[in-house]
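Beneath this line is the structure, given in structure tokens, with notes to follow.
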Amino acid sequence: MKFSLNWLKDHLDADADLGLIASTLTNIGLEVESVYNPKEAFRSIIVAYIESAEKHPQADRLKVCKVNSGTETLQIVCGAPNARAGIYVALALPGAVVPGGNLTINKTKIRGVESMGMMCSARELMLGQDHAGIIEIDKVNAASLGQPIADVLGVDTIIEVSLTPNRADCFAVRGIARDLAAAGIGRLKPLKTSASAKGVFDFPIKISFDGDCMDKSVPLIALQVIKGVKNVESPDWLKKKLKSAGLEPISALVDITNYFCLDMARPLHAYDVGCIDGDTVSIRSSRSGEEFKDLKGHAMSLPKGISVISDSAGILGVLGVMGGERSKVGDKTSTIMLESAVFDAIDVAQAGRQLNIISEARTRFERGIDAEYTLAGLSDAANMVVSICGGQLSHAYVRDVRKKTNPAPVKLHLSRLEQVSAMKITADKVKEKLTGLGLKLVSENNDELMFSVPSWRHDISIEEDLIEEALRLVGYESAPAAHLPYALSNDLGGTIAKEKKVLNVKKTLCACGLDEIVTYAFTSREQNNLFCEKADHVVELANPISADLSVMRCSMLPNLISACLKNKNAGKDNIALFEVGAVYKSLENQVLMAGGCMLDCAPIPHWSGNLKRDVFTLKSYIIAAIKSVCGICEDVSVSSGAAPWYHPGRSGKINVGKIVVAQFGEIHPQTLNKTGISGCKVLGFETNLDTLFTLKTGNNDALLNKRLQSAVRDFAFVLDKTVPAGEVLGAIKAVNPGVVKKISVFDVYEGDKVGKGKKSLAIRVNLEPTEATFTDEQLQNISAKIIFEVNKLFSGIIRQ
Amino acid sequence: MLAIPDSDKVLYDIDGCKDLAALESLRVALLGKSGSITKILQQAGALSPEERKKISQTANNLKNTVSDAIAKRRVILKDEEISDRLMLESVDITLPELQQKFGQLHPLTKVFQEVTDIFTAQGFAVASGQDLEREYFNFTALNMPESHPARQMHDTFYIKDDKRIVGASDEKLGKYLLRTHTSPVQIHSMLRWGAPLRVLVPGRTFRCDYDATHSPMFHQAEVLVLDKGISFAHLKGCITDFCRKFFEISTLPMRIRPGYFPFTEPSAEIDIPYHIKDKRIVIGQSKTEENKWLEIAGCGMVHPEVLRHGKIDAEQYQGFAMGWGLDRLAILKYGAPDIRGFFEADVDWIERYGFSAFA
């Protein structure tokens, strides 16, 4: 909402300076977005008088002028065709900043002739579009010489405020003035309502209401016809006001309706009666597919059920939103029908949204307008039309089917106000502030004040509304501040602990060299489906930004892989990324996942031997991350059978006990083909943090025992190639629970020496006694048991 | 007459030994079983007592001097030998190491961690809620009924109507959508834990809006406090404390002005001062640059309608809520130019704006 200071002062009797007005507006919730202060903008631009203008000796188009600035005569070189002796001009002195173009004026030489400033065009001063010549100021005399141009031209100071959606009343300059007055800035002037505009002939048009359903949409409508008008140019005061609000003046009839819209938040519409077909106008609901061209010339086809006004030839306007081109007033208009109404806010909002039309009228109707100013507004506007455009008024047509219910008064308890605001605001102060807003004190009973709410405030209906109004006008800044009272840390549902675990996983993956990324939770259907086990449960957006972002991801992998691809295409190598975030298995199943991806392209050359990245690198990272959460995790095991988007022979599942917590591996080459990556292997993993976090965290019991001499035994088994090493290790551990502290594989051999289809696994077992140091016999028994078990379970033969 | 070797000559020879082997053979020649000095001492027995005494004394002195000299020379030669070996073993220590780089944490993780630390220290729990919400929790329960204009201003992503999903058409809960703010977790928290309550809700939020300053996904942190005797003063205090702590400026001023949110009343918006330095936003007041205000949070006292939906006794408990944009906090504190880079997964960006995991 934009308005000039002068306009504001039509309603507000105040001598507060601009700074105070602006800061007060912000402090009471009408946030000032910008202030255009011409005194500031036109600093060092003054009224001057051209005493002589001679042709420039070096340039045909330039003139050398002697210009009287009030204190001295300056030489100015000027290129404007209208620069001539005997006119008053706007002169920018050295140091001035010309607003249009942001040009700083300096003393200069133009083609060898000194120039002490610049005479400005309307466009250079941002006072209009004219740039053909310099501004000629009329109606001034020698007494004005040297005066600031802003004062002499009466350029408006313009304030723009950003309004919150609850403040429908402040879409009127008067509403803003009222708020300021209530906050203590000046006094609200009484409203100048003209005498009711008396008609001299009958309302000449038949109005038909199409069914009772329109009663809800159009509870009140008032129409008045004015004949014999001349749609002249608006008077200067009116043009200036509209310009200050950012509207271009069009013609008196249009400008008057716009003026009431901005001044009083009273939208009006003027129809050219000459363009109405037939003698009947209907207020009705639109039929599906009806054509309409709005007054800006946009043609559209209406859906069913929009409130419109129509004649026999079709729709004249969408009520409360925008009038139509056909009945738009123009130069030749001689008879108009002026409309002032109350339309249902939700109806107007829906119509505007469906038709995608934003208008000043819609903005006001959908937020709620002052119904009590409907008839007076029509009358005021009609009088203004007659006074500017002439013409004769008809009697007004009024249809009022509003349900006559007075809004209930609202109670305010002073004790409650004090409790909420933590400060004492006296009854007198509250009364002063609230009545300043137009509320009326209905009754007063010690602690309890009862107020009735004015017709322009749709946002006040409960005590909290009054508390907010009182506090707002007293000023939030003056309310006290207090620290929260101390409270013990309270981890409801263990979520603080959970966040710490998340951080541990992230830190561990960073330490493994992966960079953390955050990507959109949505992705493309095609990419998503590559990594979904149940594609029919995929959650799809009804209104995505684009097809690329149309489904909620069911895996971390698609975004990670495309991030790898993007960085690869940008020429990066050594790409390793992870993300912690949600995946959406179905509408009610959001899972917290950590996912990671590494590219294994050409081996990365290094002087000490090429660096290799393979599934085992990745596996060590995942297990590190898992251990960062659940401590020692005794029973971490790896098994095959990962999801089908992994390479079947180079992937696996990581289990803690019997619970699967992660899947990892090389991405299946056929899946990878569809992601756009070529020439590289991609190693990926996902670990379900929700599951992982449910696991019990373990401690290393060994440290609790007395330290006893440990022993190391090495074994080499010849096994079928297909026997998973993990299972052999698991079995060895299970043979002597608590004693086997660590098992490692230090060699894997396949070849002639062990025979076809066989492999040799060299295993080192670290043994630690629990009670007393091992005897030789005990160690021999343990070794024998290990050899026996491996033979029994896997047909493994100890290699001699 | 026995010829006693010249001591200077012998010492000169010892110092002249270039390696341990040479030194050893010299030692044998002098002090070995048939070394020249040993021989003198052996032969001295045949001399007269006077001569024997004189010769023995001189020879013994020489023997001691020579032994000491050899021992000293041996230490020196041993040191030299080790040094020579180490020289041969030396590597070019300036060659690049094998250790791969550490990854970096995303700035959102850093900011999230900082915000969480500040609030958990004040007795707040953390709740995250679900990204997929129902209209009821996202709007209706937050005092935004169907026709509320604010509901349209949220640019909501809705989920495609899916008849297979049981409950999707539940009348009261309404349609599924992506939450447009973290505020629905206010209702979930009230229903789950009741009052008194202090909870911080960080999380992903979504609006279908995409330009230089808007991303369809962004991050908020909601703060909700419910207790007996909670007032607007606590709201002001809590916000001031947070801003000062987060921006690490103990005297950071704050501007609080009326705002509008359907789910709080009175509602307020919070501004903090900033200035531009080297084309970047710097939070805090400057003595030399022009200071301006920057909107940083929305907040207010919890609306009674919201308490009603959360089944909280509004007669007993009051409270406040506030909402922060985590991406925005990250931009302001750590200087990323705009929100879009946050989700582009560009490793150069992460290198520049990310954080060491152990910082």
Side-chain angles (χ1 to χ4, degrees), chain A residues 26-29 164-166 346 349 353 366-367 419-422 464 467-468 471-472 476-477 479-484 487-492 495-496 499 503 506-507 509-511 513-521 539-543 545 563 567 572 575 577 582 584 587 590 607-608, chain B residues 95 98 100-106 108-109 113 116 120 122-123 125-128 130-132 147 149-150 152 157-160 165 168 176 193 198 204 208 210 216-217 225 231-234 236-238 240-241 256-260 265-266 268 301 303-304 342-343 345-347 350 354 357:
Chain A
T26 295
N27 286 339
I28 59 176
T164 53
N166 57 327
I346 295 168
R353 210 163 49 243
E366 68 184 13
R367 285 168 176 77
Q419 185 190 35
V420 172
S421 66
E464 277 68 21
I467 290 172
E468 181 173 65
L471 195 53
R472 172 173 84 82
Y476 282 9
E477 287 290 348
H483 297 294
L484 272 182
L488 263 181
S489 182
N490 182 9
D491 191 5
L492 298 166
T495 45
I496 299 175
E499 295 307 337
L503 198 58
K506 289 181 177 181
K507 285 179 171 180
L509 292 172
C510 279
L514 279 68
D515 279 317
E516 188 191 7
I517 60 169
V518 176
T519 66
Y520 291 145
V539 178
E540 189 174 357
L541 296 180
N543 52 337
I545 291 233
N567 283 299
K572 307 288 164 206
I575 299 161
L577 304 170
Y584 310 84
L587 274 180
Q590 177 180 327
W607 60 268
S608 67
Chain B
L95 277 171
L98 253 173
Q100 63 173 339
K101 73 171 185 79
F102 270 30
Q104 298 252 81
L105 286 177
H106 195 281
L108 272 172
T109 297
Q113 188 191 340
T116 307
T120 51
Q122 295 180 72
V126 180
S128 43
Q130 303 281 310
D131 300 344
L132 285 160
S147 60
Q152 268 69 54
F157 281 115
Y158 285 94
I159 301 304
K160 208 168 204 175
I165 298 151
Y176 275 94
W193 290 305
R198 290 185 189 189
R204 275 173 300 271
C208 52
Y210 192 29
M217 182 179 88
V225 173
S231 74
F232 196 72
H234 294 119
K236 278 181 80 170
C238 185
T240 312
D241 288 346
I256 180 165
R257 57 189 164 79
Y260 172 72
E265 185 158 30
M301 306 304 290
H303 196 283
F342 279 59
F343 311 119
D346 175 341
V347 292
I350 298 163

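All heavy atoms count here, side chains included; hydrogens, waters and symmetry mates do not. What you are looking at is a predicted structure, and each value in this text was computed from that prediction instead of being measured. Residue numbers begin at 1 in each chain, while the letters A, B, ... track the order of the sequences.
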Sorted by chain and number, sequence neighbours left out, salt bridge (charged side-chain N to carboxylate O under 4.0 Å, His left out) with A:Glu464 holds for A:Arg416
Cut-off 4.5 Å, heavy atoms of chain B, and the answer for A:Val420 is both
Okay, B:Leu105 and chain A: the region with an atom under 4.5 Å from a heavy atom over there is both
Distance col, row B:Cys238:SG vs A:His483:NE2, nearest 0.5 angstrom, shows 10.5 Å
Would you say the side chain of A:Leu541 lies within less than 4.5 Å of the side chain of B:Lys160, judging by non-hydrogen atoms? no
Q.
Are the side chains of A:Leu484 and B:Arg198 in contact, using a 4.5 Å heavy-atom criterion?
A. yes
side-chain contact (heavy atoms from CB on, under 4.5 Å) filter on B:Asp131, not counting sequence neighbours, yields A:Ala582, A:Tyr584, A:Gln590, B:Arg179, B:Arg204, B:Phe206
So, the part of A:Lys572 with a heavy atom under 4.5 Å from chain B: the answer is side chain
Most contact-rich option vs chain B, by heavy-atom pairs under 4.5 angstrom, among A:Ala479, A:Ala542, A:Ser421, is A:Ala542
Rounded to the nearest 0.5 angstrom, the CD-CG distance for B:Gln130 and A:Leu587 is 11.0 Å
Applying a strict 4.5 Å limit to non-hydrogen atoms, the region of B:Asp346 in contact with chain A is both
Cut-off 4.5 Å, heavy atoms of chain A, and the answer for B:Phe157 is both
- A:Tyr520 vs B:Phe343 aromatic rings, parallel, tilted or perpendicular, using cut-offs 30° and 60°? tilted
Looking only at B:Glu265, B:His234, B:Arg257, the option with the highest number of non-hydrogen pairs under 4.5 Å against chain A is B:Glu265
Heaviest contributor of heavy-atom pairs below 4.5 Å to chain B, chosen from A:Leu577, A:Ile346, A:Val518, is A:Val518
Bottom line for A:Ala349: the part with an atom under 4.5 Å from chain B's heavy atoms is neither
Counting heavy-atom pairs under 4.5 angstrom with chain B, the leader among A:Ala521, A:Ala482, A:Ala481 is A:Ala482
Heavy atoms of A:Glu477 and B:Ile256 approach each other most closely as OE2-N, 3.0 Å
Assert top hit (heavy-atom pairs under 4.5 Å, partner chain A, pool B:Gly123, B:Pro258, B:Pro304) equals B:Pro258
Does B:Gly354 offer a backbone N or O that forms a donor-acceptor pair with the side chain of B:His106 under 3.5 Å? no
Honestly, the part of B:Thr120 sitting under 4.5 Å from a heavy atom of chain A is both
Turns out that what part of A:Asn567 lies under 4.5 Å from chain B's heavy atoms comes down to side chain
Ranking A:Cys510, A:Ala422, A:Ser608, A:Gly29 by heavy-atom pairs under 4.5 Å to chain B gives rank one to A:Cys510
Below 4.5 Å, heavy atoms only, C-beta onward: do A:Pro480 and B:Phe232 meet side chain to side chain? no
Shortest non-hydrogen pair, A:Ile545 vs B:Pro216, comes out as CD1-CB, 3.8 Å
Looking only at B:Val225, B:Thr116, B:Thr109, B:Leu108, the option with the highest number of non-hydrogen pairs under 4.5 Å against chain A is B:Thr109
So, the part of B:Ala268 with a heavy atom under 4.5 Å from chain A: the answer is both
Pair count under 4.5 Å, heavy atoms only, with chain B: among A:Ile575, A:Thr519, A:Thr26, A:Ile467, highest is A:Thr26
